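We count ligands from 1, going down the list as the structure has it; atoms in each ligand are counted the same way. Just so you know, these numbers come straight off a predicted model, no measurement behind them.
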Amino acid sequence: MATIFEKLQLVRARINQACSRAGRPADSVTLLAVSKTFPAETVREAFHAGQRKFGENYVQEGVDKIAALSDLRDQIEWHMIGPLQSNKTRAVAEHFDWVHTVDRLKIAQRLSEQRPAGLSPLQVCIQVNTSGEASKSGVLPDQALALARDVAALPHLTLRGVMALPAPTNDPVLQKAELHAVRVVFDSLVSAGLPLDTLSMGMSADLEAAIEEGSSMLRVGTALFGNR
Ligand SMILES: *Cc1c(COP(=O)(O)O)cnc(C)c1O
């Protein structure tokens, strides 16, 4: 079985190849390793293989892992990428560096209020729901600008961009259409004057298509750590 080091090299090679096909510099895409359900020691192994940015979905699991890896705290950037409930915002504000899943103002306000004074602003993305499924989290595209403006005004948050979790599909045309719709929302916020630099989309199965559609941050779990 391939080691994490080997799998990191494979994923980086996929990224480089997709970037060169898209005519983009390889360093225009950041790789976030999604370590949910894997133990802290697996994260440590990935760290020793050179990976520095990690994504977690579940607040308590993430907080526990951050504590277990406290010796590496200054060198790892921790991203919360799972759904956020109001009663979990404090732990996120206190322990994480980034949150990708802000989809309503109330959550953003709590994160800002609860961000400890000694820490730099929490870096946030607004999660957009471009598939129109009512059950999915994410703000609808036509409400993204209003939310983005409100979030950008909060004192202890820095709005960095847009995140999306497109519905899984085997249809490449549908996949591309949804990634493109996210890109359109991102571009519209930038055109409206928001200084955004992060388009968080693309996972193990669709990272090439996401790069083609302009992703700047991939969230990759399975291709690095195996099946959950
Ligand atoms: C689990 C997860 C990922 C990683 O997905 P893989 O298919 O394992 O690469 C990315 N983003 C979010 C929000 C996730 O929950």
Side-chain angles (χ1 to χ4, degrees), residues 1-2 4 6-15 17-18 29-40 42-43 45-46 49 51-63 65 76-85 88-89 92 96-104 107 111 122-131 133 135-139 160-172 174-176 178-179 181-183 185-186 198-228:
M1 226 185 68
I4 288 179
E6 289 163 340
K7 286 189 266 194
L8 261 171
Q9 285 183 310
L10 285 173
V11 169
R12 292 211 184 99
R14 282 175 65 187
I15 294 171
Q17 210 168 25
V29 180
T30 297
L31 174 62
L32 195 61
V34 176
S35 43
K36 65 181 176 208
T37 78
F38 289 94
T42 302
V43 173
E45 196 181 333
Q51 181 63 28
R52 292 292 180 272
K53 298 175 189 201
F54 294 89
E56 288 287 334
N57 276 64
Y58 311 105
V59 176
Q60 194 53 50
E61 181 190 334
V63 168
K65 245 174 257 185
I76 291 182
E77 201 174 81
W78 288 101
H79 293 238
M80 177 64 203
I81 63 169
L84 255 190
Q85 280 137 21
K88 300 282 177 62
T89 53
V92 172
F96 282 81
D97 301 300
W98 281 66
V99 178
H100 291 226
T101 44
V102 171
D103 64 357
R104 51 197 194 278
I107 291 283
L111 290 169
L122 190 60
Q123 310 296 301
V124 304
C125 290
I126 286 187
Q127 184 175 359
V128 179
N129 173 3
T130 48
S131 60
E133 297 169 63
S135 60
K136 272 184 67 171
S137 359
V139 65
R160 298 294 294 272
V162 166
M163 176 270 203
L165 186 56
T169 168
N170 294 320
D171 178 346
L174 266 181
Q175 179 189 64
K176 231 173 139 7
E178 205 172 326
L179 293 166
V182 182
R183 172 63 190 262
V185 173
F186 177 81
T198 302
L199 179 50
S200 165
M201 64 181 189
M203 313 194 289
S204 296
D206 65 351
L207 70 87
E208 284 85 0
I211 287 171
E212 212 173 306
E213 287 299 335
S215 169
S216 69
M217 197 177 282
L218 304 167
R219 309 180 309 266
V220 176
T222 310
L224 293 174
F225 299 119
N227 291 321
R228 293 177 290 270

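Looking only at protein heavy atoms, the nearest one to atom 1 (C) of ligand 1 is K36 NZ, 1.4 Å. Protein heavy atom at the shortest distance from atom 8 (O) of ligand 1 is T222 OG1, 2.5 Å. Taking atom 10 (C) of ligand 1 as the reference point, the nearest protein heavy-atom neighbour is M203 SD, 3.2 Å. Closest to atom 11 (N) of ligand 1 among all protein heavy atoms lies R219 NE, 2.9 Å.
A donor-acceptor distance shorter than 3.5 angstrom exists from the side chain of T101 to the backbone of G82, with no hydrogens or angles considered. With hydrogens and angles disregarded, a donor-acceptor distance shorter than 3.5 Å links the side chain of R219 to the backbone of S200.
Residue V220 has at least one heavy-atom neighbour below 4.0 Å for each of these atoms of ligand 1: 9 (O). Shown in contact with N57 at under 4.0 Å from a heavy atom are these atoms of ligand 1, numbered in order with element: 14 (C), 15 (O).
Closest approach of L8 and A49 over heavy atoms only: CD1-CB, 3.6 Å. Nearest approach of M80 to Y58, heavy atoms of both residues: CE-N, 4.2 Å. Taking each heavy atom of S35 and F225 in turn, the nearest pair found is CA-CE1, 3.8 Å.
L32 pairs with exactly one of M203, Q51, H100, R52 by the side-chain contact (heavy atoms from CB on, under 4.5 Å) rule, that one being H100.
Residue R228 touches ligand 1 through its side chain alone, judged by heavy-atom distances below 4.0 Å. Of the heavy atoms in I81, both backbone and side-chain atoms come closer than 4.0 Å to ligand 1.
Heavy-atom proximity to atom 9 (O) of ligand 1, evaluated over S204, A223, A205, A164, is greatest for S204.
Using bins of under 30°, 30° to 60° and over 60° for the plane-to-plane angle, the ring pair W78/F54 lands in the tilted bin.
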